[in-house]
Enquirer: 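Got a structure for you, questions after.
Labels below follow one simple rule: chain letters A, B, ... track the order of the sequence lines, proteins then strands, and each chain is numbered from 1.
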2 protein chains.
Amino acid sequence: MTQEQDQQPRGTRVRGTKQASALASALTSLPGFCSAQEIHAELRRRGETVGLTTVYRHLQVLSETGAVDTIRDPSGEILYRQCGSTVHHHHLTCRVCGSSVEVEGRAVEQWAEKVAAEAGFTAVDHTVELFGLCPGHSASPMEPPA
Amino acid sequence: MTQEQDQQPRGTRVRGTKQASALASALTSLPGFCSAQEIHAELRRRGETVGLTTVYRHLQVLSETGAVDTIRDPSGEILYRQCGSTVHHHHLTCRVCGSSVEVEGRAVEQWAEKVAAEAGFTAVDHTVELFGLCPGHSASPMEPPA
DNA sequence: CCGAGAATAAAAACGATTATCATTAACAGC
DNA sequence: GCTGTTAATGATAATCGTTTTTATTCTCGG
Ligand SMILES: [Zn+2]
Ligand SMILES: [Zn+2]
Ligand SMILES: [Zn+2]
Ligand SMILES: [Zn+2]
């Protein structure tokens with residue numbers, strides 16, 4: 001359907017910059033969903049010199065190509081994560097630590113298609129996000145770290 | 001079924017301001033999901049004098065009490081709509097005109113609970129939005145304005 | 001009619017994201 | 001290994017939806 005047709009004129013297209021690899025490394029090591037600014041801070045913490053603009057630009061490209069997944073936290077901020085599978089899936093994310101479980105939703109996909117068809121809608125895309133408390137943070141209900 | 005059920009605790013709580021009723025009227029007449037700024041513009045168009053701040057504040061309260069539903073459009077902007085049913089439901093919204101169909105998702109609810117339980121997550125909340133093209137805007141499939 | 005307090009609204013603040021643009025540096029060719 | 005081309009970078013400014021601030025207005029009970 002949405003086949004990519006990259007017309008890369010010979011080998012001069014994607015430059016192997018150290019920023020790109022540093023970002024890739026950070027994304028791989030970060031366990032859960034993080035905001036662009038958190039990722040930027042993490043890179044700084046590692047001693048890498050990567051500008052915030054570059055972080056944003058790379059994350060945007062990576063998300064467009066499907067290399068990273070994006071979700072919106074309840075406040076609207078975009079969170080990024082490098083995911084294991086490239087097939088369509090959704091996420092169950094902890095509100096406290098950001099750790100995330102990838103969930104497959106055959107049932108959701110079918111439901112979405114069904115209700116869309118019944119309403120006569122076409123080109124329907126869906127957003128499905130699950131937020132909760134992971135097992136580690138479900139333990140003590142009364143423990144706001146503040 | 002569209003009866004108002006104000007749960008206002010007697011006395012000094014909700015004042016009968018003209019702005020509130022103007023906003024309520026606009027919300028009732030607007031067919032689909034609109035942004036706060038669109039609603040504000042609509043009120044201005046009607047000759048009502050309502051500040052943007054007031055629109056935001058009322059929409060926030062109304063969404064908290066469940067009187068209006070909110071979704072986030074793909075760009076992150078919050079859209080509001082007065083919905084028919086007060087029970088939990090989701091929306092199938094047209095990307096072009098904003099017209100929306102309320103869809104009930106027993107299957108989704110069960111799926112969400114199931115995957116949350118399997119992962120050991122608690123206090124799980126879900127966001128499910130469907131965006132597509134309504135029957136009226138599905139007409140010409142080949143029409144990229146670019 | 002008066003006054004306390006809620007409601008309003010203009011303007012300023014806020015914060016995440018994007019655009020700008022001068023500078024840097026990766027890579028192909030020499 | 002140099003060098004030039006040119007994509008990539010990143011500090012800064014701009015954008016824009018939303019929130020906060022604050023002075024003013026208005027509602028409503030007495
Ligand atoms: Zn994922
Ligand atoms: Zn899906
Ligand atoms: Zn609704
Ligand atoms: Zn639901």
Enquirer: Determine the contact category for B:Q37: base if any of its heavy atoms lies under 4.0 Å from a base atom, sugar-phosphate if only primed atoms, P, OP1 or OP2 are that close, otherwise nothing.
Expert: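 It contacts base atoms.
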Enquirer: When you get a sec, tell me which of C:dT17, C:dA7, D:dG10 is the closest nucleotide to the side chain of A:V50?
Expert: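 Within the option list, the nearest is D:dG10.
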Enquirer: So do the side chains of B:L130 and A:V115 get within less than 4.5 Å of each other, counting heavy atoms only?
Expert: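 Result yes, sub-4.5 Å side-chain heavy-atom pair found.
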Enquirer: Using a distance-only test with no angle check, is there a side-chain donor-acceptor pair under 3.5 angstrom linking B:H89 and B:S85?
Expert: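 Checked: B:H89/B:S85 side chains pair up, N/O donor to acceptor below 3.5 Å.
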Enquirer: So, OP1 or OP2 of D:dG10: does either fall under 4.0 Å of a side-chain N or O from A:H40?
Expert: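 Answer no for this pair, as no side-chain N or O of A:H40 is under 4.0 Å from OP1 or OP2.
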Enquirer: Expressed in angstrom and rounded to an integer, what is the separation of B:L23 atom CG from C:dA9 atom C1'?
Expert: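 So the CG-C1' distance, B:L23 to C:dA9, works out to 14 Å.
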Enquirer: Check this for me, if you would: do B:R46 and B:E42 make a salt bridge, where the nitrogen-to-carboxylate-oxygen distance has to be below 4.0 angstrom?
Expert: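 Salt bridge: yes.
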Enquirer: Is there a donor N/O on one and an acceptor N/O on the other, under 3.5 Å, for the side chain of A:R57 and the base of D:dG10?
Expert: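 Side chain to base: pair found, below 3.5 Å.
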Enquirer: Just the rounded figure in Å: distance from P of C:dA9 to CG of B:L59.
Expert: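 Rounding to the nearest Å, CG of B:L59 and P of C:dA9 are 13 Å apart.
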Enquirer: Please state whether the base of D:dA8 and the side chain of A:R15 form at least one donor-acceptor pair under 3.5 Å?
Expert: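 No such pair is found, so the answer is no.
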Enquirer: If you compare every side-chain N and O of A:T17 against the phosphate oxygens of D:dA7 (OP1, OP2), does one of them come in below 4.0 Å?
Expert: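 Indeed not, no polar side-chain atom of A:T17 lies that close.
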Enquirer: Is any side-chain N or O of A:Q19 closer than 4.0 Å to OP1 or OP2 of C:dT24?
Expert: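 A:Q19 to C:dT24 OP1/OP2: no side-chain N or O under 4.0 Å.
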Enquirer: Should B:F121 and A:P135 count as side-chain neighbours, where that means a heavy-atom distance under 4.5 Å?
Expert: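 Side chain of B:F121 against side chain of A:P135, heavy atoms only: contact under 4.5 Å found.
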Enquirer: For the pair made of CZ in A:R72 and P in D:dG17, what is the distance, rounded to whole Å?
Expert: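 Distance, rounded to whole Å: 13 Å.
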Enquirer: If I take atom CD in residue A:E77 and atom P in nucleotide C:dC14, what distance separates them, rounded to the nearest angstrom?
Expert: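 It works out to 17 Å between those atoms.
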Enquirer: What's the CG-P distance between A:L62 and D:dA8, to the nearest Å?
Expert: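 Interatomic distance, CG of A:L62 to P of D:dA8: 13 Å.
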Enquirer: Just wondering, do B:E129 and B:T127 contact through their side chains at under 4.5 Å, heavy atoms?
Expert: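 In contact.
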Enquirer: Rounded off to whole Å, could you give me the CG-to-C1' distance for the B:L43 and C:dA9 pair?
Expert: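 Atom CG in B:L43 sits about 14 Å away from atom C1' in C:dA9.
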Enquirer: When we call it a touch if two heavy atoms are under 4.0 Å apart, what does A:G16 touch: a base, just sugar-phosphate, or nothing?
Expert: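 Sugar-phosphate: the residue A:G16, judged by heavy atoms under 4.0 Å, touches backbone atoms but no base.
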Enquirer: Could you tell me the separation between the CG atom of A:L52 and the P atom of D:dT9, rounded to a whole number of Å?
Expert: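 Going from A:L52 (CG) to D:dT9 (P), I get 13 Å.
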Enquirer: Round to the nearest Å and state the distance from A:K18 atom NZ to C:dC27 atom C1'.
Expert: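 Going from NZ in A:K18 over to C1' in C:dC27 covers 15 Å.
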Enquirer: Which listed nucleotide (D:dA11, C:dT18, D:dG17) is nearest to the side chain of A:R44?
Expert: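 Nucleotide nearest to A:R44's side chain: D:dA11.
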Enquirer: Within the modelled atom types, does a donor on one side and an acceptor on the other bring the side chain of B:T53 and the base of C:dA10 under 3.5 Å apart?
Expert: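 Side chain to base: pair present.
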Enquirer: Between C:dT17, D:dG10, D:dT9, which nucleotide gets closest to the side-chain atoms of A:Y56?
Expert: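 Nearest to the side-chain atoms of A:Y56, counting from C-beta on, is C:dT17.
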Enquirer: Without hydrogens or angle criteria, can the side chains of A:Q37 and A:Y56 be said to hold a donor-acceptor pair below 3.5 Å?
Expert: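 Result is yes, a qualifying pair exists.
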Enquirer: Whether the side chain of B:T54 and the base of C:dA7 hold a donor-acceptor pair under 3.5 Å is what I'd like checked.
Expert: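 Such a pair does not exist between side chain and base.
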Enquirer: Look at all strands and tell whether B:T49 reaches a base, only sugar-phosphate, or nothing, counting heavy atoms closer than 4.0 Å.
Expert: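 Sugar-phosphate contact only.
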